[in-house]
Amino acid sequence: MERRVVLLVLLLLGLVTTLPNQGDWDIYSFHINSTVTSRYATTVITSRVANRMDQSKEIEFHVRIPKNAFISKFRMFMDGEVYDGVVKAKEQAERQYTTAVSRGQSAGIVSSVGRTLEEFKTSVTVAAHKKVTFELTYEELLKRRLGKYELQIFARPMQPVKDFKIDVHINEDAGLKFIESKGGLSTKELANAITKTVTDKQAWVYFYPTVDQQKVCDSCSDDGLNGDLVIFYDVKREVSFGDIQTGDGYFVHHFAPSSLPRIPKNVVFVIDQSGSMHGRKMQQTRIALIHILSDLAEDDFFGLITFDSDIFHWKRELVQATSINIEQAKRFAENIQDRGSTDINRAVLEGTRMLNVHPREDSASILILLTDGDPTSGEINPQKIRANVKRAIAGKFPLYCLGFGFDVNFEILEKMSLDNNGLARRIYEDSDADLQLQGFYEEVATPLLTDVTMIYTGGSNLTQTNFSQYYNGSEIVVAGVITDNNIESFIPEVVAVSRNARVIFSRPNTTTESTVTAPVDRIQRVWAYLTVKQLLEKKLQLSGPEKDKVKKEAMDLSLKYNFVTPLTSMVVTKPPGEDSAVLNKPKEGEQPALPRGAGQLPALPRGAGQRPPLPGLAGQLPPLLGGAGQGHPGLTASRQRFFSPAAHFDPPVAAEIPLLYNSAPKKVFLSRYTPDRATMMPYAPTTIPDTTTQAPQTQRFLLKPENMHFPICFDLPTNINVKILHLPSRGLAIKGMIGLKANGGFTHIFLHVQNDTSIEVDVDSVSVKEGETLTRYSEQTQITAGSVTVIIRDKEIDVSVGDVRLVILVHEISGRKFLWPVFRQMPQDDTAEGVFVFNNRDYEESATYMTTQPTISRIKVKGKEEEVLRDSAVDFSVPVPVSVECWFFFSAQSALQRPTTDLYN
């Protein structure tokens, strides 16, 4: 008899979903209007939505904006009423914010997405057959890189829209040099949807795709557009001094001289080769470094250092970039191997020494650090490292820090760069990481000026005026106040060092076109935007009363100009009966994050993370039902539980689904699923009373094979000791206690080394036992016990045992702390056992045989095919937990191809 599973599917009339279903609600108009005036862009996104249902509906507004931008306005229009967002100091919004979160409502809904974008989303309940209009405004000063400005507009309305328009108007009094459009929406299929009109000083770009065209771009589907339109352009520069715009006592100066001789450079590359750089990171670094070495000019001098706990020189001194030296350096780069721990302090100081002992007149020195981790050996105190590096560089050249991946402590790199006139850039761990590295180098490859000083007699409240270097293709922007609004006494000039001499750039005269009168409000806003950005950077470098003063100044400006910054929040007012949400701007590199102060897990995709799928039932759920215990998309219950249907029985046994929503019984539809036909056959409705029966709690684990589209995931029971890593050949055993709560991480982690050294880590302390001596540590410190080194930081414990490096992250959610182990370095050892032990070569995606969501697929593990389900999990291996998609195995034994009992201790 064919195997069948009888499923109970919940049907709740009147509940709403946060994602659009065709016929439920309709985005009948979606307009993006971006106006750029003298490189300052103001973009307004307007979405008009109608509820087509016969009942109230929760309607979502969900867009993506550039990370560099500040939201400055948000409003909703409903039934003739206007509901405005109000920017407040973050502390003032805190009580309202945490109240909303405690009630399970959306909050903290501006989060980072990828490299260049942040997400903004909010929702409101709309009555039957009524409409709502959302309007969001954000502002940004476009940066010039590699000779062009970039305006990025992202469109993802989540359904085809009859009235869809993107209008871009660029107005540059200096004159337009060129303009071009690229991006995921600028494709061959959409070519005739884009029209462009260009005059000497203005340009208009229109993107008006039809409903059919909205389904055909590279990332588009029946759900509509999903991609970006990127406008690149540059302006004419007939005057080397640049152009100044003035308005009502404010000015903005854009300085980007060209036709200057390039300055030979002295550059030292300091490359992390510690164990955490293993695999693709190291491979991409080699590729990028070899390409960069090829681009050095013959009058450049360079040095190459790699480091882990030790320093490795290609040459101990700088050498000229001759063809012979370049080829030798490439061979050195090709053989860089990952190993050991991370001594950032010693490596950067050695790079500084090489530049300091090789002074050259008429040259520019640059120090570039690439790392993917924290300091774990040598000097590990970040404040001391910053002080050491700043003292050694002494303002003589900039330090650029490139942070590879999300594991890196980016804040340390950012502070260290700002201390030394440089900048920090995150390199995203994607397939094009080598191109990201090359792209950064190209930005600083051609210095044209050093020691640049911007002087404005008759000016005050100036933004940054001193710059260590100016590079070809970039731009320096300074804004300020013209004292007493007296343009006649306002005298700007620029003093710098060119290749051969000191040079002075001055404005030809007050009647030339280098001075342009601009709209009053825009000039002030550019000044405020630049000032806030620079004050936020300065705040990172300070402490004590000075830091408080800078913070207050930045917050006051943010409030005055209605900018949502890391110091302010926007309270989104909603109609009576609905609690307001609060929007916060995330920090650089932050992934979709926990709301500040809320202690709540990040929002997961629909249906994900509400339950632990169980073996048996999970593997039999049809895609039409939403997958392994995924539940109905409209559910708003606190939790949803499932029992195994004993699917191996013949005849099949019905599955019970206790529903814990409220005291009233729930109506359900009874359906039969036939796997070979993937069809649904409706049965008569029935009613199930409420129950408090408890389902087993589980902890979901993620493993990340390099050649897979998604990580793999599986569940283990809670309240057990699990083997994290056992290396018999090294006498090392690491185990952990999984807590009682579902997906609640580890409460304790234990390490034992064969020389009678034991370490116990809990959420508040580290206990070290050597022989009969037991010592407990709760403050930040470094401990050495036999062959074990432990570094206790604020929210992580770094443990090194020989060639094994483990970082134990301390997470806090809803006031509850828990641990999560992350291996930064693990040796290849056939005797290794543990829940995190796997071999990349063991996993291969075999075939996907259902394309509906969630997709069911087959994956080969050690040559054996296993059925998996596309699901999601929270990734606790990063400092800010984030939801990710994964291939769910119905048992840990299938995922790891060994008995589950091998994992327990």
Side-chain angles (χ1 to χ4, degrees), residues 33-44 66 68-70 72 137-153 167-180 197-205 230-258 454 456 459 461-465 470 473-482 485 487 490 492 494 505 507-508 510-534 561 563:
N33 188 294
S34 189
T35 302
V36 185
T37 304
S38 298
R39 296 73 134 180
Y40 194 71
T42 301
T43 302
V44 182
N68 201 43
F70 289 150
S72 56
T137 302
Y138 63 86
E139 304 174 33
E140 62 175 324
L141 181 64
L142 303 183
K143 289 187 177 181
R144 186 171 186 255
R145 291 193 179 100
L146 301 176
K148 53 193 173 187
Y149 303 98
E150 175 182 327
L151 174 69
Q152 183 183 27
I153 298 173
D167 294 305
V168 178
H169 177 213
I170 298 172
N171 181 17
E172 294 286 355
D173 285 305
L176 290 168
K177 187 175 181 180
F178 69 85
I179 183 168
E180 57 188 19
T197 303
V198 183
T199 65
D200 182 43
K201 296 184 178 182
Q202 298 188 75
W204 294 263
V205 179
V230 186
I231 310 298
F232 294 102
Y233 76 93
D234 199 13
V235 301
K236 298 176 182 176
R237 291 178 175 79
E238 297 178 358
V239 180
S240 60
F241 178 74
D243 58 89
I244 293 181
Q245 298 99 44
T246 62
D248 196 31
Y250 289 83
F251 76 90
V252 176
H253 182 194
H254 295 268
F255 177 69
S258 55
M454 318 288 283
Y456 301 93
N461 290 339
L462 304 174
T463 59
Q464 181 180 345
T465 55
Y470 162 73
S474 66
E475 181 176 65
I476 292 174
V477 183
V478 179
V481 175
I482 300 174
N485 199 14
I487 193 68
F490 177 65
V494 180
F505 301 85
R507 185 171 53 177
T510 57
T511 63
T512 67
E513 292 185 359
S514 65
T515 302
V516 177
T517 301
V520 173
D521 183 62
R522 187 188 64 78
I523 294 297
Q524 286 190 37
R525 297 190 76 79
V526 175
W527 170 80
Y529 176 96
L530 265 179
T531 303
V532 170
K533 287 276 188 183
Q534 293 174 8
Y561 290 91
F563 291 148

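Predicted model only: the values in this text are computed from it and were never measured.
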Which heavy atom in [X] sits nearest to a heavy atom in [Y], and how many Å separate them?
X	Y	answer
Tyr233	Ile170	CD2-CD1, 3.8 Å
Leu141	Asn68	O-ND2, 3.5 Å
Ser72	Glu139	OG-OE2, 2.8 Å
Tyr470	Pro257	OH-O, 2.9 Å
Ile244	Pro492	CD1-CG, 3.5 Å
Gly480	Leu462	CA-CD2, 4.1 Å

Notebook entry, point to check: What class does the angle between the rings of Tyr250 and Trp527 fall in, given that below 30° is parallel, 30 to 60° is tilted and above 60° is perpendicular?
Noted result: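 Ring orientation, 0 to 90° scale: tilted.
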Side-chain contact test, heavy atoms from C-beta onward, threshold under 4.5 Å: evaluate it for [X] versus [Y] and give yes or no.
X	Y	answer
Glu180	Lys148	yes
Thr199	Trp204	yes
Thr42	Thr137	yes
Asp234	Phe178	yes
Lys533	Thr463	no
Val168	Ile153	yes
Lys177	Val235	no
Ser38	Glu172	yes

Notebook entry, point to check: Taking 4.0 angstrom as the limit, do Glu475 and Lys143 come out as a salt bridge?
Noted result: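 Here Glu475 does not pair with Lys143 in a salt bridge, since their nearest N and O are not under 4.0 Å apart.
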Note to self: Tell me which one of Phe241, Phe490, Phe505 satisfies ring pair (Phe, Tyr, Trp, His ring centres under 6.0 Å) with His253.
What the structure shows: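 That would be Phe241.
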Item checked: From CA spacing to verdict: ring pair (Phe, Tyr, Trp, His ring centres under 6.0 Å), Tyr456, Phe251 -> CA-CA 10 Å; Tyr456 301 93; Phe251 76 90; 4.9 Å; yes
Checklist line | Residue from Tyr138, Tyr529, Tyr561 passing side chain to side chain contact (heavy atoms under 4.5 Å, CB included) with Phe70 | finding: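 Of all the options given, the one that passes is Tyr529.
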Checklist line | Separation between CD1 of Ile482 and CD1 of Ile487, rounded to the nearest 0.5 Å | finding: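 Taking CD1 in Ile482 and CD1 in Ile487, the distance rounds to 4.0 Å.
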Item checked: Side chain Arg144, main chain Tyr149, donor-acceptor under 3.5 Å ->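 Side chain of Arg144 to backbone of Tyr149, a donor-acceptor pair under 3.5 Å: no, none is there.
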Next item on the list: Go through the steps for Asp200 and Lys236 under the test side chain to side chain contact (heavy atoms under 4.5 Å, CB included), then give the verdict.
Entry: CA-CA 10 Å; Asp200 182 43; Lys236 298 176 182 176; 2.9 Å; yes
